[in-house]
Colleague: 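Would you mind keeping the following structure in view while I ask a few things?
Residues: numbered from 1 along the sequence shown.
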Amino acid sequence: MNRLFLLGFFILSLHPVFAWANTPTGAEQAVNVTAIITFVLFVLSTLLITWWAARHTHSRKEFYAAGGGIPAWQNGIAISGDFMSAATFLGLTSLLFFAGTDGLMLAVGAVASWPVILFLVAERLRNLGRYTFIDVISFRLDQRPITQVAALGSLATVIFYLISQLVGAGKLIQLLFGLDYIWAVSGISALMIAYVTFGGMLATTWVQIIKAFLLVIGGTIITLLMLQHYRFDLNTVFHSAVMTHPRGWDLVAPGGWLDDPVSVLSLGLTALLGFIGLPHILMRIFTVKDAKTARKSAFYAISIIGYFNLLMLIVGFGAVSLIMFNPDYQSAAGGLTGGRNMVVLHTAQFLGGDILLGFVSAVAFATILAVVSGLTISAAATIAHDLYAKSIKRDRASEKSELLVSRCAVIGIGILAILFSIAFEDHNVIFITNMALAVAGSANAPILLLSMYWRGLTTRGAIYGCLAGLVSSVCLIILGPQVWVDVVGMEKPLFPYVYPTIVSAPLAFVMAWLMSSADKSARADKERAAFTEQYICSEVGIGISSSEKVTSF
């Protein structure tokens with residue numbers, strides 16, 4: 001039965017390829033055989049992996065955490081694959097191309113978040129939780145209310161991030177293949193549902209590994225060809241960019257993108273806390289056997305992510321003098337959801353012709369597909385494990401029923417993602433992604449850090465802190481320039497900054513501290529006293545189930 005379903009998903013996912021191959025002369029994009037071959041090989045290999053993984057995915061632990069037996073190096077590569085989304089591959093290079101050194105803020109913030117995850121989060125997260133970071137937050141707190149509130153922030157983050165990835169994928173395939181947008185997002189969603197529904201975390205892990213390998217190979221090839229063009233002289237790369245770009249030396253001066261210190265600080269805080277609070281990244285910590293392996297996984301991940309961001313830095317600046325006066329530059333300067341994010345593709349075509357363009361285009365597609373798979377299983381875990389099993393059934397749900405809810409959730413999320421992607425087709429992808437990071441950094445990260453490191457946190461404080469971060473981040477984004485001016489059409493924004501994290505994240509911390517300090521209830525006293533036992537568990541890795549944690553306190 002699994003084979004029949006996978007065959008059906010494969011045929012549906014290949015509809016865009018067939019449609020592209022039959023596109024009549026004069027359509028938006030000529031047939032690129034390399035892209036078709038790479039695309040089909042990637043889909044075939046990942047579906048074969050999914051069929052293999054489905055034979056090894058029977059229990060709840062196998063579905064959510066691949067049985068907890070992924071080696072450190074494999075998990076590290078998979079984490080980097082989950083982390084390096086289309087925003088890194090397509091968006092970062094284009095941002096450096098257009099805005100210059102200000103674009104480094106995103107790269108620096110992303111890389112800077114990993115030492116925090118490596119030294120402060122990974123070990124305790126693995127020791128305290130089972131499948132999701134909400135397990136950690138509810139370790140010593142009142143499980144039901146905190147799970148319900150934390151799930152709001154988790155699902156909001158995942159849904160916004162998922163929409164941005166699917167919209168970007170749809171626009172990418174539409175631009176490259178000349179396809180209808182609806183068929184593009186439908187094919188991607190079909191593959192996403194197949195990977196997660198049948199293969200669970202094991203299939204998702206290997207999809208991430210293959211994608212990370214292709215991404216690093218593709219980035220390395222482009223960088224080497226670019227360095228060869230500049231005779232392996234980095235000074236020439238940056239000097240040529242400055243001499244060619246219309247902004248001249250302002251390209252390497254601050255203020256090209258964000259022109260005031262508060263906005264820069266808020267962007268850095270968004271990147272730092274936002275990546276720490278991404279549920280699909282944190283969920284990968286639970287796929288290894290112990291905290292030591294989790295720490296090693298984070299080390300492998302930061303090494304790969306740092307290397308890849310360095311490659312994109314060279315590509316972003318090196319592309320300036322390569323394509324600035326190229327006839328295709330007008331396409332590169334198109335809309336944010338279309339050509340403006342395609343600088344790396346224009347560079348690949350300039351350096352390696354249609355063959356390299358086809359390979360890099362297929363890699364970009366694989367990048368998005370892998371990320372949406374990780375996002376989907378994270379959302380399914382939140383719905384089935386946190387909300388259904390822990391909150392509704394209060395840890396009395398059978399493993400079979402929880403797995404059924406998980407798989408139904410995957411299908412529902414896939415359908416919902418298609419509908420949202422159609423609704424957000426003409427919206428700014430970067431805006432949607434930043435909204436996800438702002439919510440993650442304001443609602444998820446503060447409560448996660450406080451739950452692990454502050455004895456005084458209580459259930460009341462965690463609930464109010466999480467809600468304060470969630471509501472304030474969403475409201476300030478709506479009142480900010482990207483919505484209030486660009487979407488609503490008002491003359492001036494009510495909130496002056498694009499990124500609200502500089503206000504919403506401190507508000508979450510302060511509200512959690514204030515409400516916890518004011519909580520003098522007997523339950524709060526027990527929760528504070530339970531911090532000692534939590535600390536012991538986090539340090540020595542005493543594995544006990546969620547229900548045992550609640551009753552023992």
Colleague: Could you measure the distance from the CG atom of L437 to the OG1 atom of T157? Nearest 0.5 Å is fine.
Modeller: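 Answer for the CG-OG1 pair, L437 versus T157, is 8.5 Å.
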Colleague: May I have the step-by-step check of side-chain contact (heavy atoms from CB on, under 4.5 Å) for D386 and Y131, ending in yes or no?
Modeller: CA-CA 9 Å; D386 295 321; Y131 308 125; over 6 Å; no
Colleague: Taking only Lys NZ, Arg NE, NH1 and NH2, and the carboxylate oxygens of Asp or Glu, determine whether D82 and K211 approach each other closer than 4.0 Å.
Modeller: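 Here D82 does not pair with K211 in a salt bridge, since their nearest N and O are not under 4.0 Å apart.
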Colleague: Contact between Y300 and I77 at the side-chain level, heavy atoms closer than 4.5 Å - yes or no?
Modeller: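 Y300 vs I77: side chains apart.
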Colleague: Is the shortest heavy-atom distance from the side chain of I70 to the side chain of T293 under 4.5 Å?
Modeller: no
Colleague: To the nearest 0.5 Å, what is the distance between CD on E527 and CG on L141?
Modeller: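 It comes to 5.0 Å.
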Colleague: Working to the nearest 0.5 angstrom, can you tell me the gap between T204 OG1 and M283 CE?
Modeller: 8.5 Å
Colleague: Any side-chain heavy-atom pair from Q74 and W206 closer than 4.5 angstrom?
Modeller: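 SC-SC contact between Q74 and W206 confirmed.
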Colleague: More than 12 heavy atoms of other residues, nucleotides or ligands under 6.0 Å from CH2 of W454: yes or no?
Modeller: yes
Colleague: For the OG atom of S406 and the CD atom of E399, what is their distance to the nearest 0.5 Å?
Modeller: 10.0 Å
Colleague: Just so I know, are the side chains of M192 and L375 near enough to count as touching, which here means a heavy-atom distance under 4.5 Å?
Modeller: no
Colleague: Give a yes or no on whether a salt bridge exists between E123 and R295, defined as a side-chain N under 4.0 angstrom from a carboxylate O.
Modeller: yes
Colleague: Is there side-chain contact between S516 and Y464, with at least one heavy-atom pair below 4.5 Å?
Modeller: no
Colleague: Taking the side chain as every heavy atom from C-beta outward, state whether T501 and S473 have any pair of such atoms under 4.5 Å apart.
Modeller: no
Colleague: Once you round to the nearest 0.5 Å, how far does OG of S421 lie from CG of L162?
Modeller: 6.5 Å
Colleague: Check whether more than 12 heavy atoms from other residues, nucleotides or ligands sit under 6.0 Å from atom CZ of F420, and answer yes or no.
Modeller: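 At most 12 heavy atoms, drawn from other residues, nucleotides or ligands, come within 6.0 Å of this atom.
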Colleague: Give me the atom names and distance for the closest heavy-atom approach of G441 to A505.
Modeller: O-CB, 3.9 Å
Colleague: Just checking, R284 and F83: is the charged tip under 6.0 Å from the six-membered ring centre and within 45° of the axis?
Modeller: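 Pair R284/F83 does not count as cation-pi.
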Colleague: Starting at CZ of F531, measure out to CZ of F139 and round the result to the nearest 0.5 Å.
Modeller: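 Between atom CZ of F531 and atom CZ of F139 there are 11.0 Å.
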Colleague: State whether R523 and D142 are salt-bridged, where the test is any N-O pair (Lys NZ or Arg NE/NH1/NH2 against Asp/Glu carboxylate O) under 4.0 Å.
Modeller: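 Between D142 and R523 there is a salt bridge, with a charged N closer than 4.0 Å to a carboxylate O.
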Colleague: Could you pull out the closest heavy-atom pair between L125 and L448, with the gap in Å?
Modeller: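 Smallest heavy-atom distance, with atoms named: CD1-CD1, 3.9 Å.
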Colleague: Is R55 close enough and on-axis enough to W51, meaning under 6.0 Å and within 45°, for cation-pi?
Modeller: yes
Colleague: Can you list the steps and then say if T287 with L202 is a side-chain contact (heavy atoms from CB on, under 4.5 Å)?
Modeller: CA-CA 9 Å; T287 62; L202 185 59; over 6 Å; no
Colleague: Could you go step by step and tell me if I281 and F275 meet the side-chain contact (heavy atoms from CB on, under 4.5 Å) rule?
Modeller: CA-CA 8 Å; I281 300 294; F275 286 118; 5.9 Å; no
Colleague: Does N444 reach the side chain of F133, with side-chain heavy atoms less than 4.5 Å apart?
Modeller: yes
Colleague: On a heavy-atom basis, which atom in T147 and which in S391 lie closest, and how many Å separate them?
Modeller: CG2-CB, 4.4 Å
Colleague: Give the C-alpha distance, both sets of side-chain angles, the deciding distance and a yes or no for side-chain contact (heavy atoms from CB on, under 4.5 Å) between T132 and S378.
Modeller: CA-CA 8 Å; T132 68; S378 175; over 6 Å; no
Colleague: State, to 0.1 Å, how close G200 and I377 come at their nearest heavy-atom pair, and which atoms those are.
Modeller: C-CD1, 3.5 Å
Colleague: Which atom names give the shortest non-hydrogen contact between A294 and R126, and what distance separates them?
Modeller: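 Taking A294 first and R126 second, the nearest heavy atoms are CB-CB, 4.0 Å.
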Colleague: Indicate, with yes or no, if the rings of Y64 and F286 have centres closer together than 6.0 Å.
Modeller: no
Colleague: Side chains of L214 and F359, heavy atoms from C-beta outward: is any pair under 4.5 Å?
Modeller: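 Yes, at least one pair of side-chain atoms sits under 4.5 Å.
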Colleague: Indicate the atoms forming the closest heavy-atom contact of L457 with A512, along with that distance.
Modeller: CD1-CB, 4.3 Å
Colleague: Hey, is OH on Y388 packed in by over 12 heavy atoms from elsewhere, all under 6.0 Å?
Modeller: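 Yes.
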